[in-house]
Amino acid sequence: MQESEILARARAAVGAESPPYAFAVEEGALRRFLDATGAPGHGRAGVESAPSEDGGAIAPPTFFCPDALAMAGQTIGLAFPTTPYEHAIDGGSEWELFEPVRVGDRLTMTAKIADVTEKRGSAGTGHMLLTTIEVVCHNQRGALVGIVRGTLINYEGGGA
Amino acid sequence: MTTARGTATAAQLFFEDVAVGMLLPTGVKGPVRLKDLVKWAGAIEDYNEIHFDADFAQARGLPGPIIHGPLKAAVLAQMLVDWIGPAGILKKLACQYRRMDVVGETLTYRGRVTKTAVENGEYLVECLVWVENSRGEVTTRGSALVALPGRGG
């Protein structure tokens, strides 16, 4: 398949959006996240000793969507563009944060394919397709909590 | 407690305390253990074996299980909110995962102030943030935007 055809097929998916996905922010999930990041003073003691004035304990900034690609693809079920490339890697994420997330909040997320572009990488990567996934999160009060964009890189691999 | 508005027990950073070129407090994590990656995988429900199954990772040409990029981003976010204090706000964070880090690696988290500005009544500070491996190579790089209180209130 020609590279231009690969891009054209992938770009046909731009704008595709998932149905809303809702979940409750639970203390146990926050505790596991804090423990996994290993910051001193956090974890169980951090959750139990620090409710916020407006409700439950406040979660770290990336807690609501730590991995846009995993959240969109695995949790929310957004279908990503298919490519003939064997290799895939997470290129990174961007978080725009508007409201804190608290234990007890009920969050609603939608995910969409925001953009698809192509690049020619090094000899080790060959042709690359970059898919930008956007996850938008609101809380139960309808307030925008955050927008997270992740980049999935599909690439040919060595020798291409 | 860690909040998007800064750690409750940390000292408060004010806009007037910040200057371009200023370095953020450095954080060191490691050696990162397989157990740490399993904890993160469970915390965010990402069970890709490349992060905790050595045979799986090596079958794909890697020297071992690789450290999740989002875990490094979460630790960078932690570093920032601890730095800005309880009245500071983390508004944006961007991270690019440029090189893989493998289990057993010790990672150093760094940042540097690149710009300060007052816009629409907000005291804003932009930072460059990055993660280095034990060989001093930058494996993750990014930027952050925080809002700080002014001493005048």
Side-chain angles (χ1 to χ4, degrees), chain A residues 28-43 45-52 56-71 73-75 86-102 145-151 153 157-158, chain B residues 1-10 27 29-30 32-33 35-48 50 60-61 66 68-82 86 89-100 109 140-147:
Chain A
L30 174 58
R31 186 182 309 124
R32 286 188 292 274
F33 186 97
L34 294 173
D35 189 32
T37 53
H42 299 105
V47 174
E48 293 180 342
S49 65
S52 73
I58 295 178
T62 67
F63 170 83
F64 73 98
C65 184
D67 182 343
L69 301 183
M71 176 64 75
Q74 298 173 26
T75 303
E86 180 181 353
H87 305 281
I89 196 166
D90 183 347
S93 287
E94 301 177 2
W95 291 262
E96 280 190 83
L97 307 167
F98 301 94
E99 289 286 332
V101 170
R102 296 179 170 84
V145 167
I147 301 173
V148 188
R149 297 178 187 86
T151 300
I153 303 173
Chain B
M1 176 184 70
T2 298
T3 78
R5 290 185 164 80
T7 302
T9 55
K29 297 286 185 182
V32 177
R33 306 163 301 172
K35 181 179 178 179
D36 298 323
L37 303 189
V38 171
K39 282 186 176 182
W40 177 258
I44 70 164
E45 299 181 330
D46 177 7
Y47 300 112
N48 188 333
I50 204 167
R60 282 145 184 82
I66 60 174
H68 307 72
L71 171 56
K72 294 185 282 186
V75 176
L76 280 171
Q78 187 76 57
M79 179 181 78
L80 286 157
V81 296
D82 286 347
I89 299 174
L90 176 60
K91 298 175 70 72
K92 292 183 181 180
L93 173 65
C95 291
Q96 297 176 0
Y97 312 133
R98 305 301 289 265
R99 302 176 70 139
M100 296 182 190
Y109 293 79
T140 297
R141 60 184 294 172
S143 61
L145 177 68
V146 302

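As a basis for the values below, the full set of heavy atoms in this structure was taken, side chains included, without hydrogen atoms, waters or symmetry mates. Here is how names work: the chains are called A, B, and so on, in the same order as the sequence lines, proteins then strands, and each is numbered from 1.
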Going by salt bridge (charged side-chain N to carboxylate O under 4.0 Å, His left out), name the residues that satisfy it together with R99(B), two or more places apart in sequence or in a different chain. E137(B)

Measure distances from I89(A) to the heavy atoms of chain B and classify the residue's part below 4.5 Å as side chain, backbone, both or neither. side chain

Answer yes or no: is there a side-chain heavy-atom contact under 4.5 Å between D46(B) and P66(A)? no

Here the pair of heavy atoms bringing L71(B) nearest to A36(A) is CD1-O, 3.9 Å

If I measure from the heavy atoms of chain A, does L93(B) come under 4.5 Å with its side chain, its backbone, both, or neither? both

For the backbone of G38(A) and the side chain of K29(B), can you confirm whether one donor and one acceptor N or O come within less than 3.5 Å of each other? yes

Heavy-atom distance under 4.5 Å to chain A: side chain of M100(B), backbone, both or neither? side chain

When you compare the side chain of W40(B) with that of T37(A), does any pair of heavy atoms fall below 4.5 Å? yes

Let me confirm one number: the NZ-CZ distance from K92(B) to F98(A), rounded to the nearest 0.5 Å. 7.5 Å

Shortest non-hydrogen separation from Q74(A) to E45(B) and the atoms involved: OE1-O, 3.7 Å

With sequence neighbours excluded, what pairs up with S143(B) under the side-chain contact (heavy atoms from CB on, under 4.5 Å) test? A94(B)

